Structures are given as C-alpha cells and as structure tokens.
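Residue numbers start from 1 in every chain, and the chains themselves are labelled A, B, ... in the order their sequence lines are given, proteins ahead of strands. Predicted model, so just to flag it, every value in this text is computed and none were measured.
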Amino acid sequence: MNLSIYNTFTKRKEEFKPIQEGEVKMYVCGVTVYDLCHIGHARAAIVFDVIYRYLRYLGYKVTYVRNFTDVDDKIIKRAHEEGVSPEEIAERYIREFYKDMNPLNIEPPTCEPKATMHIAEMIDMIKKLIEKGYAYQSDGDVFFSVRSFSEYGGLSGKNTDELIAGARIEINEKKNDPLDFALWKASKSGEPWWESPWGKGRPGWHIECSAMGQKYLGQSFDIHGGGKDLIFPHHENEIAQSCAATGNPPVRYWVHNGFVNINKEKMSKSLGNFFTIRDMVKRFNPEVIRFFLLSSHYRSPIDFSDQNLNEARINLDRFYDLFLFYDMVAKENPTLPPLTKGKDEEILEGGSDDELMQRFEEAMNDDFNTAQVIGHLNSELHHLNSKRGGEVRDEFLREITTLKNIGGVLGLFGQDPVEYFEKEKSIGIASLGISEEEVLRLIDEREKARREKRWSDADRIRNELSLKGIILEDTPRGTKWKIKG
RNA sequence: GGCGGCAUAGCCAAGUGGCAAGGCAGCGGUCUGCAAAACCGUUAUUCACCGGUUCAAAUCCGGUUGCCGCCUCCA
C-alpha cells in the first residue's frame, strides 16, 4: 500500500505522488514570534515533525522549510509595550521557541527562513502582481485584488459574494473592494520599514510564505502544512498570490492539523485558555506530551486535560518499564546488545519483525495514523511483556528492537529508561510534600523490616508512602518506587 | 447569516460497506509474606436519534438533535 494523504484542497485522501520522484518538498507555517509557545503550537510542530520523519523513513529526500514570522503587528505592539525594538522581541522569542521545542524532540527542518530576510523576494513578487493586474497601489499600500483571481476560495470553500455577506470585514478606505488584502503596508512612525517602489513600508502577512516557499522549494512544491485556522484567509491568500504571480498552483497537498482544545474549546491566546509548553514541561516529561498528542489522529481535535495527560504518562511508563527490564537483563548478559545506541532516528540493526513493521506502515500510509500505530505498539508491548518470564533471546531482541525503531520514527522511546524514570520522579515528587531522601530512607527502613520478617512494620511504611502518593514495587533487583498514577 | 467538522463502553481513542484495535479505570485469577508491577481472563448484541439504499452499514444517502471550528490575529 502506498502513502495517502488527506488534501484539504480536494477534501479527500489522495495517493501521494511527489512532483519529483524520490524527493519531497514541504513547507509548514511556523510561528509569529511575539510570545511563548503553547501546546497548540507544540501539536503543529510535532505533527509535521512526524510527517517529516516518516517521509524520510520511506526513503524520500525531504526538503522541509518552516518559517518564522518576525515582522507583524503583534510583535510591534509588544516591542512598544516593553520599550524595545521589534527585532529584539523577535530574536528573544525565536530563542524561546527552541528552548521549548527541543525537549519535545522536534528535529530541525532543512531550512528556517525569517520573513525579514526575504523582503526583496516579496517586493519582486508584489511588483509582478501589479504588472499582471492582480494588485494595485493605494497611498503607499499595495492590495491584492481578490476579484481579479477567479479561482479564489478554492481551498476554504468560500465564495466571494458570501464573504461580503459575512460582514466581518474591516472597512478600509484605501481598498477598492472590502475583500482585498494587503500585500504591502506603508509604515507608520515607530514601525519597522523597508524601502520599496511604493515608499517606506513593510510586507503583509500572507506574502512572506508565498515568497519564501517559492524561493526554497520552487513555484510548485509537494506539501504545505499548518494549523486548520490558517486555511482561511492565510492559505487561501497564499494560493491566490502565488498562482496569480507564477501561473502555477503552488502546492499539491494541503495538510492541516486539528486544534488542541480545553474543555472542547480551541486553545488560543485570544480566549486565554492556553497552557504554555514551558509550564506543562514542569509537570510532565516532554515525551509524555508528545506521546499524548500522537495518540489521536492529527486532523482530529484533541482535548488537553490533566487526566488525559496522566493516562498518556501511565501508558508511556509501560513502554519504558519494558526497556528498563531489557537493559537490566542485557547488563547481566553480555551477549545481548544495548538497545540505546544513540539518536532515535537511527534504525537499529536486527529490528525486522516484518509483521509489526507492516502494520506500522499500513497505519502511517493511511494519512499518518499515529493513533493506530500506538495501538499496534501497545499490542506488541503486551506480547513482549508476556515473554518476560522466559529466556531473553533472539526473537525477543528482534521484537523489542522493532518496537524501538518504530518509536524512533515517531520521535518516541529515545530516552535512557533509568533517566526517564528518574526524571518522572523528580517532576512528580515536587508536589507531594516529601523529599527523595526521605523516600529512600523509608525504603531502607522497610527493607530492614522485611529482612527480619517484621511484616506489619514493613506494611506500615508502605502505607505511609502510599498516602503521600508513592507506590512501591518489590522486584528481584530491589525495591523500586514511583509516583502514583 | 455563509462554509466546514465531529458524535464509538465509566473516561480517552482507532476503525469509513462484511462478525467493534488499543489505552486508562473496573472485576475475577496467576505470581507475591501481603502488595505493586507483569501476565491470563473479563468489561459495547452495539457505534447520538429517525428513516432509506444494500445479501450485508458505526461505515453510504436523507432528515433531526447536540457540540465544535472558520468567516478578525491565531498552530
């Protein structure tokens, strides 16, 4: 079975055929850098990160471009509020972006262009649009004439007459038609500006993606992604501009991820119901957030709540518990190779459980169904756990390696199991009102009691810890502790 | 008002024409000093509701209800 992708433009799944055989060119709208990223941004980044990884897994040479919008009203506003330059705001939040995204195991795209570094390309494109009669100048601004582009509305399913009826369009005297949108804005005082044939000004929002996409990926490229909220007007306008300028449809497959919701409502800055990545990472291992976000299909909405994240955490723990088990066995048996070899994108040798790989590919080929993949991984986990009692040999090794390899394509299972659980404990214990030293002391005390078969003393300590939210596990290799689920 | 999406067990979530994946929680058992973990077994005659097409529908068509998104910046 071949890869098929749901295309927002045609509203159906289509078999994926790249323009150039063996190569994929993909552009994804990044963030506007004026504030910290929230979980919604994390979802978009993770979804396209997985798509990027999987396309490469399939053997494509992928050029992945993800931009930063570093010139924009909100950046300017923020700069004024803080009394610093817009560049400083943009630079700061680009740094913060990486601080948040790196722990989520997002791979760097091939190229991360900034809008302000491509003003010349945007001006060229705007000039071309004016020459061709698709755009006009008006008092230092330049607008795209929506009605001059007859295919307008193809992506979002809107038609121009209905848009006017919507009546939520801002009245702008400079526009010939309320539907028209800005390609270039004359700068007011205190705003950043660049010289242009129309005077000092700055670019409109939509033109940057058209210009940068074309520069790095060509007039027509394979995949363009972003959040569902970008379908209209951003991507609709992008199509209009690019198509009008070059005569070619810019994109073959439009891919849009669903929102992260809070109580069924979209998480967003304007509603104020957002959680920053930074705050969540204090309470959950970043991999738990990643695992959780991949446990639903990328186009579905996903409800973000403590309970849901905690369930994801418990499930992910089970995988790491298996890896921990293997590592311990491997340590005692030098003929077994270590599972953790390095970066998670490396495909480990010996991972060739064909049936599991086949199920993995089937699920991913069906519009990147990571939820189903996680289901398969759970079945395999179950299967491997059932063999824990027996001898760990070739077959076990082959299967667990396959499990790890598949996880790697999703950007999961890359941590050292010991560190994973240490991290989980250090995150969890902060809210429990007991120190790690105290826990270890009590475990020691209980060990002593157990050796002397003073069972009621041992049980009393265990209960005490349980009330604090700590669970004990007695294993042949000593007593482990963890945070209650 | 226009356009679009969703509704599957207590909760989360796959499945889009051929006997309803998986996770969490629950229950019974194995193991254990007792637990925990792990394992084995079990938990939806049914997929919001009504009608239709079909040998066959959670899946297709029509309608109803409810929730959500876009139409303004937004991943």
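Annotation: side chain of A:Val418 is not in contact with side chain of A:Lys423 (no heavy-atom distance under 4.5 Å).
For B:G4, the paired base is B:C68 (Watson-Crick or G-U wobble, both distances below 3.5 Å). Partner assigned to B:A38 is B:U30, using Watson-Crick or G-U wobble distances below 3.5 angstrom. When both pairing distances are held under 3.5 Å, B:G17 makes no Watson-Crick or G-U pair with any nucleotide shown. Nucleotide B:C60: paired with B:G52 (Watson-Crick or G-U wobble, both distances less than 3.5 Å).
The number of heavy-atom neighbours closer than 6.0 Å to NZ of A:Lys484, taken from other residues, nucleotides and ligands shown, is above 12.
A salt bridge links A:Arg462 to A:Asp459: one of the charged nitrogens lies within less than 4.0 Å of a carboxylate oxygen.
Donor-acceptor pairing under 3.5 Å, judged by distance alone, is absent between the side chain of A:Lys266 and the base of B:C68. Between the base of B:G2 and the side chain of A:Asn159 there is no donor-acceptor pair shorter than 3.5 Å. Below the 3.5 angstrom threshold, one finds no donor paired with an acceptor across the side chain of A:Arg388 and the base of B:A38.
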TODO: Sugar-phosphate means primed atoms, P, OP1 and OP2; the rest is base. With that split, encode nucleotides 6-23 of chain B 5' to 3' as B, S or - using protein heavy atoms under 4.0 Å.
DONE: -----BSSSS-----BSB
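Taking atom CD1 on A:Ile231 and atom C1' on B:G5, their separation rounds to 10 Å, with Å as the unit. Following rounding to the nearest Å, A:Leu230 (CG) and B:G4 (C1') show an atom-to-atom distance of 16 Å. If you measure from atom NE2 of A:His383 to atom P of B:C40, you get 10 Å, rounded to the nearest angstrom. A:Leu472 has its CG atom 16 Å from the P atom of B:G33, to the nearest Å.
Figure legend: cation-pi geometry between A:Arg388 and A:Phe325, with NZ or CZ positioned under 6.0 Å from the six-membered ring centre and within 45° of its axis.
Between A:Arg66 and A:Pro109, the closest heavy-atom pair is NH2-CD, 3.5 Å.
Taking the centre of each ring, A:Tyr320 and A:Phe323 come in below the 6.0 Å mark.
Among pairs with a residue in residues 141-162 of chain A, those fulfilling ring-ring contact (aromatic ring centres under 6.0 Å, His included) read A:Tyr136-A:Phe143, A:Phe144-A:Phe181, at least two apart in sequence or across chains.
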